Amino acid sequence: MPTTPESHLLKHRAELQSGLLRWYRRNRRPLPWRLDPSVYRTVVSEFMLQQTQVKTVLPYFERWQAKFPDFESLASACEDDVLKQWEGLGYYSRARNLHRLAKAIVAKPVLPDAAKDWRELPGVGPYTAAAITSIAFGKLEACVDGNVVRILARLTADATHHGDGAAAAKYFTPLASLLLSPSSPGDHNQAMMELGATVCHRRDPLCRCCPLAQWCAATKSGSTEDFPKLQPKEIEHRSVTRAWVVKDGALLLHRSSPRARRLANLHELPTATHLEIDEQSLDARDLLARRKRGITRYLITESIYRISLSEQLRLGDSLVWISFGDLQSIALSGPHRRWITEILAMQAADKRNKILPSK
DNA sequence: AAGCCGGGGTC
DNA sequence: GACCCAGGCTT
């Protein structure tokens, strides 16, 4: 019977676990949800960390704790305040799901401690259920995120092609479960993710510093960057035309419906479609800004035009006037917040130049 | 199973 | 510009 990379790992499982845990205790970053852990802080951090890097999350986590320190305060908050705290983090359904989760937790007689119970709650999938229950309750549940996939694919030099990260995570879950340290599953899971984030980089991994290098098939053959094998996404270009409409010191914004697929209950600059404006009729002289940005597999070009208020403009229920003084208190997506700030700064500069013409 | 979420950082 | 990030939800 041939020796597979996987069976080699399992043979040395105990050494691998102790080496990993020893490395983790020496090298883990002092993150706020580790220094002062609780079930609530673990849940909040895991929601924020879905598809978002630690560095990005840190300031949001601290602000969130100051505003919503526990499940009760979050459950009793209004959704507008919750979305406002999430402004700029992206993937806003996470904030709405976390809010709904807090309400569900407060309504329960006891805090659930089993992964299958957490899995029933909104926004909690296989990864998050394993993370919460292993870290906060010591349950034997293996976390399989992008970091763990990368490490396991390299340890085994497994050349299987995966359509996306979710398929790869599913594929590596059995191995992750077999390797999980039974004595400290929470630290083991965090150690794997920490190793992926700080050592087993996608490119130029620091194999000389890796506590698992001696068992890594990809390191042995100098092919770490060949794993995992994930299918690249096809980038699709799209363009959106938006309107800048002002009346009596207020800006016209669109507010997405609570059931919208994206940006539910958030404000944004209205699109030409929202206003039933024919894009062909726009004048290039009214173009205030053109910005590109990406989200998942889309590259979106957004063009913002100054539109004068006229009888022809149709304003549906989803359109609201927000006075410039109130712009700070509503929830916008990160890009929309930036564009509005930039355009206002531009206009203020134009105004100064008219009053004090440059020489 | 595949798309979508329309964010942000990194190299 | 391409790829990734402590993924989950919808269809």
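Sequence lines set the chain letters: A, B, ... in the order given, protein chains first and strands last, and positions in each chain run from 1. In this text, all values refer to a predicted model and were calculated from it rather than measured experimentally.
B/dC11 and C/dA6 have their P atoms separated by 13 Å, given to the nearest Å.
Contact annotation: A/Lys55 side-chain N/O to B/dT10 OP1/OP2 distance is under 4.0 Å. The shortest distance between the side-chain N/O atoms of A/Thr52 and the OP1/OP2 oxygens of C/dA6 is not below 4.0 Å. Under 4.0 angstrom from either OP1 or OP2 of C/dG7 there lies no side-chain N or O belonging to A/Gln50. Considering only side-chain N and O atoms, A/Lys170 lies under 4.0 angstrom from the phosphate OP1 or OP2 of B/dA1.
No contact: A/Arg259 has no heavy atom under 4.0 Å from any strand. As judged by a 4.0 angstrom heavy-atom cut-off over every strand, A/Val54 is placed among the base-contacting residues. In this structure, A/Gly88 reaches the sugar-phosphate backbone alone: every heavy-atom distance under 4.0 Å involves primed, P, OP1 or OP2 atoms, never a base.
Comparing B/dG7, C/dG7, B/dC4 against the side chain of A/Tyr298 picks out B/dC4 as the nearest. Among the nucleotides C/dG8, C/dA6, B/dG9, the one closest to the side chain of A/Trp33 is C/dA6. The side chain of A/Glu194 sits closest to C/dA6 out of C/dG7, C/dA6, B/dG3. Comparing atom distances between the A/Met193 side chain and each of C/dC9, C/dA6, B/dT10 picks out C/dA6 as nearest.
Going from atom NE2 of A/His162 over to atom C1' of C/dC3 covers 17 Å, rounded to whole Å. Distance CZ (A/Arg203) to P (B/dG9): 17 Å, rounded to an integer number of Å.
Across A/Val246 and A/Trp244, no two heavy atoms sit closer than the pair CG2-NE1, 3.5 Å.
Both A/Arg261 and A/Arg94 lie near DNA chain C, and the one whose nearest nucleotide falls closer to the 5' end is A/Arg94.
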